[in-house]
Each structure stands twice: as structure tokens, then as C-alpha cells.
Amino acid sequence: MRIVLVGPPGAGKGTQAAYLAKNLSIPHISTGDLFRANISQGTDLGKQARSFMDAGQLVPDEVTIGMAKDRMAQPDAEGGFLLDGFPRNVGQAEALDATLSGKGVALDAVLDLEVPEDEVVKRIAGRRICRNDSAHVFHVTYNPPKTDGVCDECGGELYQRGDDSEETVRTRLEVYHRETEPIIDHYRAQGLVVTISALGKVTEVTERAMDALKQSQG
Ligand code: AMP
């Protein structure tokens with residue numbers, strides 16, 4: 001399957017993407033993770049992306065689209081993938097559509113995770129992520145680790161993303177409404193959008209998502 005996951009920051013895209021990709025046996029491709037890996041490796045691409053990310057703005061399309069296409073061209077993504085955080089504007093969506101149709105394939109679904117705005121800010125401000133694996137996500141109040149600052153899954157160090165401060169979250173939300181939400185209409189016109197609520201336990205949301213994806217293909 002070829003799936004796009006869309007939703008505001010804090011909707012739980014990264015967490016859900018990891019479970020869904022595992023259930024569906026397809027790679028989880030997160031442009032945010034790719035950028036963060038480039039930053040920690042000190043690559044030119046990471047240097048180009050950093051200031052935009054720190055400010056909560058989108059990294060320019062010239063950088064982002066090439067990186068996403070390279071990743072999708074890897075052998076493990078031949079039979080399908082789950083995109084998390086890409087496309088993030090209509091230009092990227094059009095580039096993705098053109099790339100896929102050039103290969104004679106198409107998206108199967110666009111899963112839209114819905115979550116109220118005040119919940120988003122609460123979720124992000126308390127979010128703590130494992131340095132070893134960004135799918136290991138905790139929350140200081142809603143899902144605290146057993147030991148402060150230590151990942152329950154692998155013992156890795158938990159940290160707060162630099163762009164998870166309340167001020168940057170507000171900017172990221174504005175960017176989401178202005179740039180990313182229009183891709184939902186873009187894909188609705190293609191009959192691909194499946195919307196689910198992202199509220200509740202992680203496992204409940206995963207089940208909801210799997211059911212919705214099955215129904216959309218039925
Ligand atoms: P995420 O991990 O998906 O929340 O992404 C973190 C940050 O990476 C975003 O706030 C953007 O600055 C940048 N980013 C990730 N994906 C994209 C994209 N598709 N287009 C532009 N910027 C992106």
C-alpha cells in the first residue's frame with residue numbers, strides 16, 4: 001500500500017506511522033526524521049534545513065522534494081510506503097503525484113488524523129522523544145516513562161525537540177493550516193481521504209486507523 005499520513009503537529013503521526021507501517025509491512029518514511037538525521041550527521045542538507053525547522057517553518061521544496069524522492073526510490077519502498085510529514089503543501093503533493101504516475105503507481109489512501117487545537121499544544125509541550133528511536137515517544141503527564149528522562153523501551157535518553165516549545169508549536173500550527181490543510185482537499189478530489197479521530201489510547205487510534213484503511217480499500 002502507498003499511504004500518506006496527514007494531521008497537525010502533535011496528532012501522533014510519528015507514533016501511529018510506526019505501528020501502521022509495522023502492521024502493513026511497509027517502510028515508514030518521515031521527512032522530519034530524515035532532516036533530523038541529516039542535522040545530526042552534519043550534512044549540507046541538514047545545514048540547509050536547520051534554520052527553517054528551528055523556526056517551525058517548512059524547509060523549501062527544492063530541498064525537501066528531492067530528499068523524499070530519493071528515499072522513495074530505495075528498494076524497500078518499491079512495493080509501498082507510509083509517508084509521514086510529506087507532502088506538506090500542494091506543490092509537494094503535485095510533485096508526489098507526478099512521481100508516482102511516472103512509475104505507473106498511485107496512492108491508496110490519505111489518512112487524516114483529527115485532533116482539537118488545544119489538545120495539540122498540550123500534547124507537544126509535554127512530549128519527550130528517545131534519542132535512539134523517534135518512534136519511542138513519551139509525555140510527561142499522559143504517558144510518563146517509568147524513570148524520568150529514560151526510555152522504557154530501550155534505555156535511551158529522552159529529550160524535548162527544539163521545535164516543540166510552545167511558541168514554535170503555534171507557528172507550526174499556523175503553517176499547518178495555511179500550507180498543509182489544502183492538501184486534504186487536493187486528495188479529497190481524488191477520493192483518497194479517510195478521516196479518523198486521533199483522540200484516545202495509542203492502540204485505539206491504531207485500530208481505528210487500520211479499520212478505516214481496510215474499509216477504504218473495500
Ligand atoms: P515533523 O517531524 O514531521 O514534525 O517535521 C519537523 C520539521 O521538519 C517541520 O516543522 C519542518 O520544518 C520540517 N519538515 C518535515 N517535513 C517537511 C516537508 N515535507 N516539507 C517541508 N518541511 C518539512
Side-chain angles (χ1 to χ4, degrees), residues 1-7 9 11-46 48-49 53 58-89 91-113 129-137 151 153-154 156 161 180 183 186-187 190 192-194 196 198 202-203 205-214 216-217:
M1 281 184 103
R2 293 179 181 82
I3 302 171
V4 166
L5 205 55
V6 64
K13 290 192 299 295
T15 307
Q16 288 304 325
Y19 287 111
L20 293 171
K22 202 166 163 206
N23 281 351
L24 297 164
S25 306
I26 48 178
H28 166 201
I29 299 180
S30 155
T31 40
D33 283 352
L34 292 173
F35 283 133
R36 282 184 286 277
N38 273 280
I39 289 173
S40 61
Q41 287 157 16
T43 68
D44 282 346
L45 196 150
Q48 283 173 284
M53 292 177 74
L58 295 188
V59 178
D61 286 356
E62 303 85 81
V63 180
T64 307
I65 292 171
M67 179 185 74
K69 275 165 101 169
D70 285 349
R71 178 61 189 90
M72 283 185 279
Q74 301 290 311
D76 66 334
E78 228 166 74
F81 47 71
L82 195 155
L83 293 177
D84 158 15
F86 182 88
R88 241 182 170 96
N89 61 27
Q92 293 179 10
E94 286 169 352
L96 173 63
D97 294 352
T99 304
L100 294 180
S101 69
K103 292 182 182 171
V105 296
L107 290 176
D108 294 288
V110 173
L111 186 67
D112 167 30
L113 296 183
I129 297 169
C130 176
R131 284 212 190 272
N132 295 339
D133 186 338
S134 65
H136 301 164
V137 185
C151 177
E153 310 262 346
C154 70
R161 268 172 50 175
T180 310
I183 73 167
H186 172 89
Y187 284 122
Q190 300 179 25
L192 289 174
V193 177
V194 184
I196 62 160
V202 170
T203 49
V205 180
T206 310
E207 251 177 61
R208 218 176 279 150
M210 288 299 292
D211 285 348
L213 287 173
K214 268 185 216 143
S216 75
Q217 302 308 297

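We use all heavy atoms of the structure for the numbers below, so side chains are in, but hydrogens, waters and symmetry mates are not.
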**Message:** If you define the side chain from C-beta out and look only at heavy atoms, does anything of L82 sit under 4.5 Å from M1?
**Reply:** no
**Asked** Any side-chain heavy atom of D133 sitting closer than 4.5 Å to one from E153?
**Response** no
**Message:** Before you tell me yes or no, could you show the steps for I29 and Q74 under side-chain contact (heavy atoms from CB on, under 4.5 Å), namely the whole-Å CA-CA distance, both residues' side-chain angles and the distance that decides it to 0.1 Å?
**Reply:** CA-CA 11 Å; I29 299 180; Q74 301 290 311; over 6 Å; no
**Prompt:** Distance-only, no hydrogens or angles: does the K13 side chain make a donor-acceptor pair with backbone N or O of G85 under 3.5 Å?
**Reply:** no
**Complete:** Across all chains, not counting sequence neighbours, the side chain to side chain donor-acceptor pair (under 3.5 Å) partners of R36 are D33
**Fill in**
Sorted by chain and residue number, the side-chain contact (heavy atoms from CB on, under 4.5 Å) partners of T15 (sequence neighbours excluded) come out as Y19, V137, V202
**Request:** Give the intermediate values and the outcome of side-chain contact (heavy atoms from CB on, under 4.5 Å) for residues C154 and C130.
**Result:** CA-CA 9 Å; C154 70; C130 176; 3.6 Å; yes
**Request:** Decide side-chain contact (heavy atoms from CB on, under 4.5 Å) for I196 and L113; before the verdict, give the C-alpha distance in whole Å, the side-chain angles of both, and the deciding distance to 0.1 Å.
**Result:** CA-CA 5 Å; I196 62 160; L113 296 183; 3.6 Å; yes
**Asked** Are any non-hydrogen side-chain atoms of F86 and T64 less than 4.5 angstrom apart?
**Response** yes
**Item:** Qualifying residues under side-chain contact (heavy atoms from CB on, under 4.5 Å), relative to A73, sequence neighbours excluded
**Value:** none
**Side chain proximity check, I183 to V6, heavy atoms < 4.5 angstrom** = yes
**Message:** The test is side-chain contact (heavy atoms from CB on, under 4.5 Å); show your working for I3 and L20 and say whether it passes.
**Reply:** CA-CA 10 Å; I3 302 171; L20 293 171; over 6 Å; no
**For L111 against A209, the heavy-atom pair lying closest together** = CD2-CB, 3.7 Å
**Message:** Keeping D108 on the side-chain end and R2 on the backbone end, is there a donor-acceptor pair under 3.5 Å?
**Reply:** yes
**Rounded distance (nearest 0.5 Å) linking atom OG1 of T43 with atom CZ of F35** = 10.0 Å
**Item:** Side chain proximity check, M67 to N38, heavy atoms < 4.5 angstrom
**Value:** yes
**Message:** D76: which residues meet the salt bridge (charged side-chain N to carboxylate O under 4.0 Å, His left out) condition with it, sequence neighbours left out?
**Reply:** R71
**Message:** Taking atom CD as the centre, does Q190 end up with more than 12 heavy-atom neighbours from other residues, nucleotides or ligands that are less than 6.0 angstrom away?
**Reply:** yes
**Complete:** Only one of V110, V194, D112 passes side chain to side chain contact (heavy atoms under 4.5 Å, CB included) with Y187, and that residue is V110
**Request:** Would you indicate whether the side-chain heavy atoms of V4 and L192 approach each other to under 4.5 Å?
**Result:** no
**Item:** T31 to A68 - nearest heavy-atom pair and separation
**Value:** CG2-CB, 4.1 Å
**Closest non-hydrogen atom pair, I129 against S134** = CG2-CA, 3.8 Å
**4.5 Å side-chain heavy-atom contact, L83 and M72** = yes
**Fill in**
For A198 and R208, the nearest pair of non-hydrogen atoms, with its separation, is N-NH1, 4.2 Å
**Request:** State, to 0.1 Å, how close A109 and S216 come at their nearest heavy-atom pair, and which atoms those are.
**Result:** CB-OG, 4.2 Å
**Asked** For Q92, what residues pass the side chain to side chain donor-acceptor pair (under 3.5 Å) criterion, not counting sequence neighbours?
**Response** D61
**Asked** Judged by atom type as modelled, is there a donor-acceptor pair below 3.5 Å linking the side chain of T206 to the main-chain atoms of Q16?
**Response** no
**Prompt:** Who passes side chain to side chain donor-acceptor pair (under 3.5 Å) against T99, sequence neighbours left out?
**Reply:** none
**Request:** Heavy atoms only: give me the nearest G14-H28 pair and the separation to one decimal.
**Result:** O-CE1, 3.9 Å
